[in-house]
Every structure is written in C-alpha cells, then in structure tokens.
2 protein chains.
Amino acid sequence: MNSSTVNCEALAKRLTQSGLRPTVQREVVYKAILEKRNHPSTDEIFARVREQMPTISLATVYNCLETLVQCGLIKQVNFERAPTRYCPNLYEHAHFHDDATGEVHDIAVPAEMMDRLRALLPPGYKAANIELSFRGGVMHTRN
Amino acid sequence: MNSSTVNCEALAKRLTQSGLRPTVQREVVYKAILEKRNHPSTDEIFARVREQMPTISLATVYNCLETLVQCGLIKQVNFERAPTRYCPNLYEHAHFHDDATGEVHDIAVPAEMMDRLRALLPPGYKAANIELSFRGGVMHTRN
DNA sequence: AATTCTATTTGGAATAGTTCCAATTCCTAC
DNA sequence: GTAGGAATTGGAACTATTCCAAATAGAATT
C-alpha cells in the first residue's frame, strides 16, 4: 500500500462523510495536487489531470477543486488577483511568493503566533480564517 | 485651508517627485478614496468620482489607482479573488473582512508584531511586503 | 504666442479566470 | 432493471481588468 492509496482512502472517507460521492475525477484531481506540492494553479492542475484522464473537462476540475476545498482537503492560495492556486498542506502556515521565480513556498507558523495574531482583533471579532502572506525575494548566500 | 487641500498638496508633491503630473483626474480619484475610508472597490470609486467629474472614464480611474499605488499614496487590498479595494491608511495594518456585512475594517498591527512575522521566514528570505488578513464575523455584545 | 514633445486621458475592444447552464452520464437505492 | 439524484461536460456568459490607438492636455523651447 503506497501513500497515494492511503490519501485516496482518506479522500473517499471525507467525501462520503460529507454526503458526497468519491468519483474518479475527484480522486484524479486530488492526486494531481498531491503529486507535486508546488501550489499549482487550476490550469496546471488541469494539465496534470489530463495526462491521466484526457477527457476530463475544465469545468469538472473547477468543480472538484471547490469540493475538495469545502471538504477541507486542500486550501486555496491567492496572491493579489493572480490565478488561484491550491495547496494540500493542512497545517496552519503562511505563504511566501518569490517575485523572481513566481514560486510559492510554505512558511511554518507556530500555533502560538496564530494566537498572537488573533489577539490583535478588537473584542467581538471572531476570525474564521487568518491569511498571512509574504512577497519578496530569496538571497542566495554562498557557504 | 481644509484637510483635503493639505492632502492634495501632498498628492501633487508626491506625483511631481516621481516625475508624474498632478492631473485633476488623479486628484479627484485620490479625494474619492479619502472621502469615505471604507475600502472602496474600483466600481465604487468610479461612481464617487463621476459625481465630481461625469466625463471621467473607467480606464482613467484604473490608471490613476495604479499610479497612486505606485507612489505609495494608497494601498491595494485583496480578499480571495474579489474585486480589488483601496485603502489610504499607510500605517502597517491588517484587514478584517466581515462575512456578514462585506465590510472591511483596519486592524492595527504593532511594528514589533511585524518583526515577529518577518522572523518566521527562513534565512535569506526578504519580504518586500507582508499581508495579513482576517475573515470572519463580529459578535455584537449588549452593554 | 506658436510649436514641439511627451504624458495622460479616453472609449472601446480584448483578455483571462472563473462561473453558469442545460443536457448527458453515472451511481445508488429500491 | 428502473427511478432519482448527483456529478460531469462543453460551451456560453460573466466580470474585473488590461490593452490599444487616437485624441487631448501641459510643459518646455523657440
């Protein structure tokens, strides 16, 4: 049993728990995101998915992505108004957008820091979601 | 001399400093954002601006907004892929999007917290920009 | 003051990402 | 096997934004 089997069982479980069907399209889309965790855009996911299933439609990919997000299996990542990207990392984390390469890197954020951020809110404000993102460059140092 | 005169002198100064012309369109757009600081979208700004200058075009509003952002006089605010909003608050701050009303509120963020956030980045990562945004609801407590 | 040169504005067309829709296909339960 | 609901599909529609080429305005130079 490899890890993708495990992930797909988890996927099927989550979907059925939510009263949704574990279809092969959803599975293929999910695997495409897991396959290379570089925050792919919908187009990129569509391309990956078509290798496995050339007949899948773009609309379906959009549908599946929405479903997966709703089930909490993946997260949406937005920078400004650039095309939406997706991320299977479910731990609380931030994103760093490298201006030079266009790549996005996950940044670990301790739970304690999240609490500090939440504490910035005025009384009564309840955040369902906190998004933290950086944009900039990476200096390459010789060693 | 009222505050809007002051602001517009500041605007003119900034523009000429950057080698740009202080045109009446830029002034009107800037004033529209200052007028009611509720993070208006481009459409909203366009509507406000047309009251003063019914002949202005939407393209010009887009152009002016871009110019003002580049001059550092206003900031862009993005939530997911919703229409871009604009904000004249130049202090470092976060945004809270109220899901119920759609309103956006500024959240003060101490400089010290910004430093903590920056410290989350791996060595070599230099953030030109940090964006922190909350999404959620506001509980109304009786008093 | 006229001329030139460049920045800016303008309206409309084009683009891009996404959503919508109606028709078909696929499961699941009976 | 059939019925009913869920999911997929292709294409049209939508929307925010950008692009473009022509017109205008302003500053600088003569």
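In what follows, chains are A, B, ... by sequence order, proteins preceding strands, each numbered from 1. Only a predicted model underlies this, so the values are computations on that prediction, with no experimental measurement involved.
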When we call it a touch if two heavy atoms are under 4.0 Å apart, what does Thr67(A) touch: a base, just sugar-phosphate, or nothing?
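No contact.
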
What contact category does Thr84(B) fall into here, base, sugar-phosphate, or nothing, at under 4.0 angstrom with non-hydrogen atoms?
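The answer is sugar-phosphate, as Thr84(B) gets under 4.0 Å only of primed atoms, P, OP1 or OP2.
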
Between [atom2] on [N] and [atom1] on [X], what's the gap in Å once rounded to a whole number?
{"X": "Phe46(B)", "N": "dA16(D)", "atom1": "CZ", "atom2": "P", "answer": "13 Å"}
{"X": "Arg81(B)", "N": "dT17(D)", "atom1": "CZ", "atom2": "C1'", "answer": "10 Å"}
{"X": "Glu27(A)", "N": "dA7(D)", "atom1": "CD", "atom2": "P", "answer": "15 Å"}
{"X": "Ile45(B)", "N": "dA16(D)", "atom1": "CD1", "atom2": "C1'", "answer": "14 Å"}

For Val104(B), what are the other residues in its hydrophobic cluster, where any two members join if their side-chain heavy atoms are less than 4.5 angstrom apart?
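Listed partners: Val77(B), Phe79(B).
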
Linking directly or through intermediates, with side-chain heavy atoms under 4.5 Å: list the remaining ILVMFWY members grouped with Leu90(B), chain and number order.
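Taking Ile, Leu, Val, Met, Phe, Trp and Tyr as members, Leu90(B) stands alone, with no cluster partners.
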
Members of residues 50-64 of chain A that approach DNA chain D, where some heavy atom sits under 4.0 Å away:
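Here the set is Thr55(A), Ile56(A), Ser57(A), Ala59(A), Thr60(A), Asn63(A).
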
Hey, is the main chain of Asn63(B) close enough, under 3.5 Å, to the side chain of Thr67(B) for a donor-acceptor pair?
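Pair found, side chain donor or acceptor close to backbone of Asn63(B).
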
Sidechain-backbone polar pair: Arg26(A) side chain, Leu11(A) backbone, donor-acceptor under 3.5 Å
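Side chain of Arg26(A) to backbone of Leu11(A): no pair is present.
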
With sequence neighbours left out, which residue pairs that include part of residues 9-68 of chain A fulfil the ring-ring contact (aromatic ring centres under 6.0 Å, His included) condition?
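Every pair satisfying ring-ring contact (aromatic ring centres under 6.0 Å, His included) with a residue in residues 9-68 of chain A: His39(A)-His95(A).
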
side-chain hydrogen bond (donor to acceptor under 3.5 Å, both in side chains) partners of residues 13-22 of chain A, not counting sequence neighbours, each pair once
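Non-adjacent pairs meeting side-chain hydrogen bond (donor to acceptor under 3.5 Å, both in side chains): zero.
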
Do Ile33(A) and Glu35(A) have side chains that approach each other closer than 4.5 Å (heavy atoms only, starting at C-beta)?
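Ile33(A) does not reach Glu35(A) side chain to side chain.
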
Pairing residues for [X] by the salt bridge (charged side-chain N to carboxylate O under 4.0 Å, His left out) criterion, not counting sequence neighbours:
{"X": "Glu112(B)", "answer": "Arg116(B)"}
{"X": "Glu131(A)", "answer": "none"}
{"X": "Arg85(A)", "answer": "none"}
{"X": "Asp99(A)", "answer": "Arg135(A)"}

Kindly work out whether a path of hydrophobic side-chain contacts (I/L/V/M/F/W/Y, heavy atoms less than 4.5 Å apart) joins Leu121(A) to Ile130(B).
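Yes.
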
Just to be sure I understand: a Watson-Crick pair is purine N1 to pyrimidine N3 plus N6-O4 or O6-N4, both under 3.5 Å. Using that and G-U wobbles, which stems of three or more pairs involve DNA chain C?
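Stems found: C:1-30 with D:1-30.
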
Let me confirm one number: the CG-NZ distance from Asn129(A) to Lys75(A), rounded to the nearest 0.5 Å.
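One finds 7.5 Å between CG of Asn129(A) and NZ of Lys75(A).
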
Does anything in residues 17-25 of chain B come within less than 4.0 Å of DNA chain C? Heavy atoms only, and list the residues if so.
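Listed by number, they are Leu20(B), Arg21(B), Thr23(B), Gln25(B).
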
Span of DNA chain C, from the first to the last nucleotide whose atoms fall under 4.0 Å of chain B heavy atoms:
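On DNA chain C, the outermost contacted nucleotides are dT6(C) to dT18(C).
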
